[in-house]
There are 2 protein chains.
Amino acid sequence: MRGNLFAVGVDLVVLTVRNDELYVLLVRRDEKPFEGTWGLPGGFVASDEDLPDTAARELVAQTGTGTAGRVSGHLEQLAGYAAPDRDPRGRVLSVAFLAVLPDMPDPDQPDVVSGWHPVADVTELAFDHAQILADGVERARETLEYTTLAAAFCPPEFTVTDLRRVYEAVWRTEIDPRNFSRKVTSTPGFLVPTHRHVTGGPGRPAQLFRRGPATRLHPAMLREPAVRVVG
Amino acid sequence: MRGNLFAVGVDLVVLTVRNDELYVLLVRRDEKPFEGTWGLPGGFVASDEDLPDTAARELVAQTGTGTAGRVSGHLEQLAGYAAPDRDPRGRVLSVAFLAVLPDMPDPDQPDVVSGWHPVADVTELAFDHAQILADGVERARETLEYTTLAAAFCPPEFTVTDLRRVYEAVWRTEIDPRNFSRKVTSTPGFLVPTHRHVTGGPGRPAQLFRRGPATRLHPAMLREPAVRVVG
DNA sequence: CGGGGGTAGTGTCACCCTGACGAGAATTTC
DNA sequence: GAAATTCTCGTCAGGGTGACACTACCCCCG
């Protein structure tokens with residue numbers, strides 16, 4: 001029984017918010033199996049690596065984030081997937097990670113093998129990646145309630161409206177701007193005011209904020225209970 | 001790089017509440033490495049198994065829970081652990097699971113190689129099991145806030161006080177019995193009254209309840225914010 | 001240059017949930 | 001029976017939230 005050996009890979013659910021919509025980074029597979037179909041970016045664990053090392057390495061390789069290895073976003077482990085038939089090549093265990101990045105401009109020459117896709121439009125993916133993506137999105141939705149993860153979707157300086165649009169895109173709901181502003185600005189450690197303001201757009205200039213030191217939200221930002229299955 | 005192969009095991013953090021205290025199931029290792037020290041129960045993934053299969057099989061084997069494979073408790077995946085040096089025998093990836101069971105009487109002949117230990121008294125464990133245990137306990141603490149996990153610590157029929165003692169033991173706090181009773185009995189789907197009462201003990205007999213269909217708590221049962229690590 | 005439209009932020013108010021109790025109900029123990 | 005113990009309901013003040021009126025400030029356009 002101990003003789004069962006697995007290839008171990010890391011798959012990434014890389015999320016961002018663009019155009020008020022949740023996007024995921026996908027790559028087009030250039031080898032079998034599932035050649036030509038879209039899948040999650042990932043790779044195998046190298047001989048001297050721990051799982052977070054592999055995840056960070058793949059994230060930098062796929063996005064060019066933080067050339068010096070210091071990733072400005074968020075990276076957390078999701079879960080392990082090891083169904084016996086999930087990879088036709090043999091037993092492959094994949095540890096999925098959730099990564100969250102601010103929206104970044106596409107590279108000058110658009111990459112045909114790697115790109116951002118609206119999560120709502122993704123239908124089929126290679127392997128069990130559709131399930132992994134669903135788990136990752138659900139994790140992000142929950143984490144937004146209890147932590148300051150939403151700020152990881154935003155650039156270093158952002159407005160309250162930017163932050164609200166993150167919640168609205170990930171939760172697919174609408175939030176009252178006034179109550180939202182009161183809530184996030186009164187939560188200690190969530191936002192640090194810069195006393196600078198955005199310019200150029202219509203309407204009153206919004207104040208720019210920076211991420212604060214808090215990681216958990218007290219009290220939580222509770223969304224409406226999911227549609228109750230009436231007993 | 002793809003040639004790196006791992007042995008894949010499942011380790012269990014099996015928790016219960018006994019004597020108003022949180023207990024974890026440990027086994028004494030009978031082979032190297034770490035021979036003679038305590039560790040988490042676990043085993044390797046068989047050739048045709050998925051991870052939850054292995055976890056359920058090991059849980060039944062170690063506790064005798066649900067002879068027919070139907071486990072009455074709670075079983076969820078925690079995380080994967082794969083540090084290069086976590087096992088001196090080579091590269092071993094372990095997927096940890098959190099299991100929660102009601103307190104059960106010890107078998108007639110006490111088992112010297114497997115037993116329940118107060119979590120607070122556990123100091124050193126084999127491999128990285130101390131870290132896994134800490135992660136499992138923290139997960140249980142958080143899950144108690146937002147789900148009905150606490151009922152999984154209780155036998156099929158239990159009183160509000162039984163449930164409160166679960167929260168107090170896992171969180172290591174005291175909760176006002178009157179407010180707690182109001183909260184859990186008014187949360188729809190959490191508790192189903194049986195209209196039967198316990199007998200024998202001192203004081204007014206308490207009503208017996210059964211687990212309800214709800215899995216998530218709305219609104220959540222928020223504990224005090226953890227002591228903030230002041231930056 | 002002065003409205004009009006649009007966005008940001010403040011203020012108000014009612015409602016619900018919660019923590020902090022008081023008090024009564026039902027049983028065991030002395 | 002009286003005291004002790006435990007369960008359960010009730011009350012009340014304070015905080016957080018949803019709903020929304022209103023003010024502040026900018027761009028655009030005539």
Side-chain angles (χ1 to χ4, degrees), chain A residues 19-20 144-146 148 150 154 157-168 171 173-210 214 216-225 228, chain B residues 20 144-146 148 150 154 157-168 171 173-210 214 216-225:
Chain A
N19 304 330
D20 303 343
L144 245 54
E145 293 194 80
Y146 310 119
T148 59
C154 299
E157 297 197 345
F158 54 94
T159 67
V160 171
T161 296
D162 293 335
L163 195 66
R164 178 170 50 83
R165 292 204 201 287
V166 169
Y167 278 93
E168 293 179 334
W171 285 350
T173 56
E174 290 202 350
I175 303 174
D176 185 280
R178 297 159 293 187
N179 292 333
F180 182 83
S181 177
R182 176 184 60 192
K183 166 103 181 138
V184 296
T185 55
S186 69
T187 298
F190 194 0
L191 301 183
V192 177
T194 66
H195 303 293
R196 305 199 302 112
H197 295 260
V198 292
T199 58
R204 174 174 168 178
Q207 190 176 180
L208 283 166
F209 293 87
R210 206 177 284 277
R216 302 187 67 93
L217 256 42
H218 282 285
M221 173 100 56
L222 292 177
R223 50 179 166 165
E224 292 304 307
R228 186 67 54 93
Chain B
D20 302 343
L144 245 54
E145 292 192 82
Y146 310 117
T148 58
C154 297
E157 296 197 347
F158 54 94
T159 67
V160 171
T161 297
D162 293 335
L163 195 66
R164 179 170 49 84
R165 292 203 202 288
V166 169
Y167 277 93
E168 293 180 333
W171 285 351
T173 55
E174 289 202 352
I175 303 175
D176 184 279
R178 296 159 292 185
N179 293 332
F180 182 83
S181 177
R182 176 184 60 191
K183 166 102 181 140
V184 296
T185 56
S186 68
T187 298
F190 195 1
L191 301 182
V192 176
T194 66
H195 303 292
R196 303 198 304 113
H197 295 259
V198 293
T199 58
R204 175 175 169 178
Q207 188 175 179
L208 282 167
F209 293 88
R210 208 177 283 277
R216 302 187 68 91
L217 256 42
H218 282 285
M221 174 100 56
L222 293 177
R223 52 179 165 164
E224 291 303 309

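All of these numbers come straight from a predicted model, not from anything done at the bench. Convention: sequence-line order gives letters A, B, ...; per-chain numbering from 1.
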Let me know the distance between [atom1] of [X] and [atom2] of [N], rounded to the nearest Å.
| X | N | atom1 | atom2 | result |
| --- | --- | --- | --- | --- |
| E145(B) | dT18(C) | CD | P | 13 Å |
| M221(A) | dG18(D) | CE | C1' | 14 Å |
| L217(A) | dG16(D) | CG | P | 13 Å |
| D176(A) | dT12(C) | CG | P | 17 Å |
| Q207(B) | dA25(C) | CD | P | 18 Å |
| R178(B) | dT18(C) | CZ | C1' | 13 Å |
| I175(B) | dT6(D) | CD1 | C1' | 17 Å |

inquiry  = Between K183(B) and dT18(C), is there a contact of a side-chain N or O with OP1 or OP2 at under 4.0 Å?
reply    =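 Yes, K183(B) has a side-chain N/O under 4.0 Å of OP1/OP2 on dT18(C).
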
ask   = Counting just side-chain N and O atoms, does T199(B) come under 4.0 Å of either OP1 or OP2 of dT27(C)?
value = no

request  = When you get a sec, tell me which of dC25(D), dA20(C), dT5(D) is the closest nucleotide to the side chain of N179(B)?
outcome  =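 Within the option list, the nearest is dA20(C).
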
ask   = Nearest to the side chain of A206(B) - dG9(C), dA26(C), dT8(D)?
value = dT8(D)

request  = Kindly say whether L217(B) contributes a backbone atom to a donor-acceptor pair with the side chain of Y146(B) at under 3.5 angstrom?
outcome  = no

ask   = Is there a donor-acceptor pair under 3.5 Å between the side chain of S181(B) and the backbone N or O of R178(B)?
value = no

message = Nearest heavy atom decides the nucleotide; on that basis, is P202(B) or S181(A) closer to the 5' end of DNA chain C?
response =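 Final value for this comparison: S181(A).
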
inquiry  = I want to confirm an ordering. Mapping T161(A) and L222(B) to their closest nucleotides on DNA chain C, which one lands closer to the 5' end?
reply    =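 Residue closer to the 5' terminus by nearest nucleotide: T161(A).
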
ask   = What do you reckon, are the aromatic ring centroids of F190(A) and F209(A) less than 6.0 Å apart?
value =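 Ring centres of F209(A) and F190(A) not closer than 6.0 Å.
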
inquiry  = So which atom in A220(A) and which in E145(A) form the shortest heavy-atom distance, rounded to 0.1 Å?
reply    = CB-O, 3.4 Å

ask   = If you look at every heavy atom in T159(A) and V198(A), which pair is closest and at what distance?
value = CG2-CG1, 3.7 Å

task = With heavy atoms under 4.0 Å as the rule, sort T159(A) into base, sugar-phosphate or nothing.
result =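 No contact.
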
Decide yes or no, distance alone: a donor-acceptor N/O pair under 3.5 angstrom between the base of [N] and the side-chain of [X].
| X | N | result |
| --- | --- | --- |
| R182(B) | dG10(D) | no |
| R204(A) | dC26(D) | no |
| R164(A) | dA8(C) | no |

